[in-house]
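Here is the structure we will look at.
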Amino acid sequence: MRKVILTGDRPTGRLHIGHYVGSLRRRVELQNAGEFDDIFIMIADAQALTDNADNPEKVRENVIEVALDYLSVGLDPSKSNLFVQSAISELTELTFYYMNLVTLARLERNPTVKSEIQMRKFENSIPVGFLTYPISQASDITVFKATHVPVGEDQEPMIEQTREIVRKFNSTYGEVLVEPKIMLSENKACLRLPGTDGKAKMSKSLNNCIYLSDTSEEVRKKVMSMFTDPNHIQISDPGQVEGNTVFTYLDAFIKEDSFEKYLPEYKNLDELKDHYRRGGLGDVKIKKFLFAVLEDELNPIRERRHQYEQDIEGVYKILEQGTNNARKVAEKTLAEVKDAMKINYFDDKELIKAQAEKYKNQ
Ligand code: TRP
């Protein structure tokens, strides 16, 4: 069976290092491993509009930001199709048909959507488009017959919903769609990287994110003021590693050679953690180490971003090309779907003949 990846992000802001360890880094590895027949990476502008209907300007500006972030982490347009959701009308059409396969009660149970509704204080004025975005996400995935969806943990309910839609569609109309699998990071620290303030999630409104496009100086400041163990006051005090943001980030970012390069007096992260727990290891030292480790990863990303920033027209061309490739696949699947649903009247010669016969014999 063909192996296909579809994934994407809402363009509501620049991407941060939580996106990076949660999914972007993995996408690049998968792309470069060359084991997939097709890779589609989508900028989900239509989904972004489901809760930003009054702010299309924000979405529009962030389309290029997300494209730059994608390219800068190493997504390669010769291997992955980078495309824009709203430019593929087949997605909307498919969503309309899938809507008949999902109940309102099922939508209201989606835990990610539920918490988003709370966060956005929609209360009794939930936009219909917002409540139904998991259905549109099922279209995004299935129109490409994606088998693998590398995303962050919060997207799990969407993939589950998609699988249900696929099963319902296939059992009602015939085997057309493919059930996708979610691909989550195996590193626990990467599943939900906390904000620099130690809060559960990085979020623009909490001002606790490190962006992939931050300058070195911005990253340094954010790391140096990062939340650690509030009870670790003197260097000699024993410190706590669990829930200590610096250590969580180290868990997410550490590499084979990080100690050798930047902190050779320790062999590995366990040794460093033990020392911190015992006492005698200061926050400044671990923060400086973390900064070096982060910079190691962020520097090449920054450099690549800088190059692409010099050729914005070229970046739009990349998106246009990726979108054209994606559309061809979407058109094909939609035709199969309509065939299966028997709403392909003009292509169905059998139907026309049968109807004609029926009236002839009357
Ligand atoms: N919901 C994703 C996000 O919040 C974006 C997205 C839209 C997506 N369609 C998708 C992700 C399909 C994976 C597959 O960023």
Side-chain angles (χ1 to χ4, degrees), residues 4-24 26-27 30 36 38-52 58-59 62-63 65-67 69-70 73 75 80-88 90-92 94-95 98 107 110-117 119-120 129-166 177-185 191-193 201-205 209 212 322-323 326 329-330 333:
V4 178
I5 287 179
L6 175 290
T7 184
D9 298 273
R10 292 182 200 167
T12 51
R14 291 176 297 154
L15 300 181
H16 52 61
I17 62 173
H19 294 115
Y20 184 68
V21 294
S23 175
L24 292 175
R26 182 80 179 277
R27 297 179 197 172
L30 293 168
F36 285 84
D38 251 326
I39 302 182
F40 297 95
I41 314 277
M42 180 182 77
I43 302 182
D45 63 331
Q47 186 176 110
L49 285 167
T50 63
D51 64 333
N52 287 285
K58 168 172 144 193
V59 173
N62 282 304
V63 167
E65 291 299 330
V66 171
D69 286 331
Y70 281 168
V73 298
L75 288 173
S80 300
N81 296 293
L82 309 182
F83 73 98
V84 178
Q85 185 184 28
S86 64
I88 310 230
E90 283 76 10
L91 292 173
T92 340
L94 196 52
T95 301
Y98 287 175
L107 287 174
N110 185 312
T112 299
V113 175
K114 260 194 197 162
S115 76
E116 285 173 324
I117 285 170
M119 255 161 46
R120 286 163 179 69
F130 186 78
L131 190 68
T132 55
Y133 88 71
I135 306 180
S136 117
Q137 194 154 334
S139 304
D140 303 336
I141 295 168
T142 54
V143 94
F144 299 104
K145 301 198 174 165
T147 48
H148 296 77
V149 187
V151 277
E153 194 186 26
D154 61 328
Q155 297 300 301
E156 210 156 12
M158 313 308 157
I159 314 304
E160 197 39 51
Q161 174 82 80
T162 302
R163 293 165 61 86
E164 286 174 32
I165 291 175
V166 168
L177 305 176
V178 176
E179 261 189 70
K181 269 206 287 286
I182 190 168
M183 293 179 98
L184 292 174
S185 172
L191 278 181
R192 187 159 293 200
L193 199 73
K201 215 182 159 177
M202 278 203 181
S203 114
K204 196 166 49 197
S205 53
C209 307
L212 291 170
T323 303
V329 179
T333 306

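Just follow the structure's listing: the first ligand is 1, and inside any ligand the first atom is 1.
Taking both residues in full, the closest heavy atoms of M183 and R26 are given as CE-NH2, 3.6 Å, listed atom of the first, atom of the second, then distance.
Note that NE2 of H148 is 8.5 Å distant from CG of L30, once rounded to the nearest 0.5 Å. Rounding to the nearest 0.5 Å gives a distance of 11.0 Å between CG of D45 and CG of N62. The distance from atom OG1 of T162 to atom OH of Y98, rounded to the nearest 0.5 Å, is 8.5 Å.
In summary, the side chains of D9 and Y70 do present a donor paired with an acceptor at a separation below 3.5 Å, with no hydrogens or angles considered.
Using a 4.0 Å cut-off between charged side-chain N and carboxylate O, R10 and E116 make a salt bridge.
Between D69 and R14, some side-chain heavy-atom pair lies under the 4.5 Å cut-off.
Counting heavy atoms of neighbouring residues, nucleotides and ligands inside a 6.0 Å radius, atom NZ of K204 exceeds 12 of them.
Against a heavy-atom cut-off of under 4.0 Å, V151 is close to the following atoms of ligand 1: 11 (C), 13 (C). Near Q137, the atoms of ligand 1 lying under 4.0 angstrom from a non-hydrogen atom of the residue are 1 (N), 6 (C), 7 (C), 8 (C), 9 (N), 10 (C), 11 (C), 12 (C), 13 (C), 14 (C). Counting atoms of ligand 1 from 1 in the listed order, those under 4.0 Å from a heavy atom of M42 are 7 (C), 9 (N), 10 (C). Close contacts of ligand 1 with D9, meaning ligand atoms under 4.0 Å from a residue heavy atom, involve 5 (C), 15 (O). Counting the atoms of ligand 1 from 1 in the order shown, those under 4.0 Å from a heavy atom of A44 are 7 (C).
Looking only at heavy atoms of the protein, atom 14 (C) of ligand 1 is closest to L6 CD1, 3.5 Å. Summary of contacts: the protein heavy atom closest to atom 1 (N) of ligand 1 is Q47 OE1, 2.7 Å. When hydrogens are left out, the protein atom nearest atom 9 (N) of ligand 1 is D140 OD2, 2.7 Å; that is the closest non-hydrogen contact. Nearest protein neighbour of atom 4 (O) of ligand 1, counting heavy atoms only, is R10 NE, 3.4 Å.
With a heavy-atom cut-off of 4.0 Å, Q85 does not touch ligand 1 at all.
Looking at ligand 1, you'll find an N or O of Q155 within less than 3.5 Å of one of its N or O atoms.
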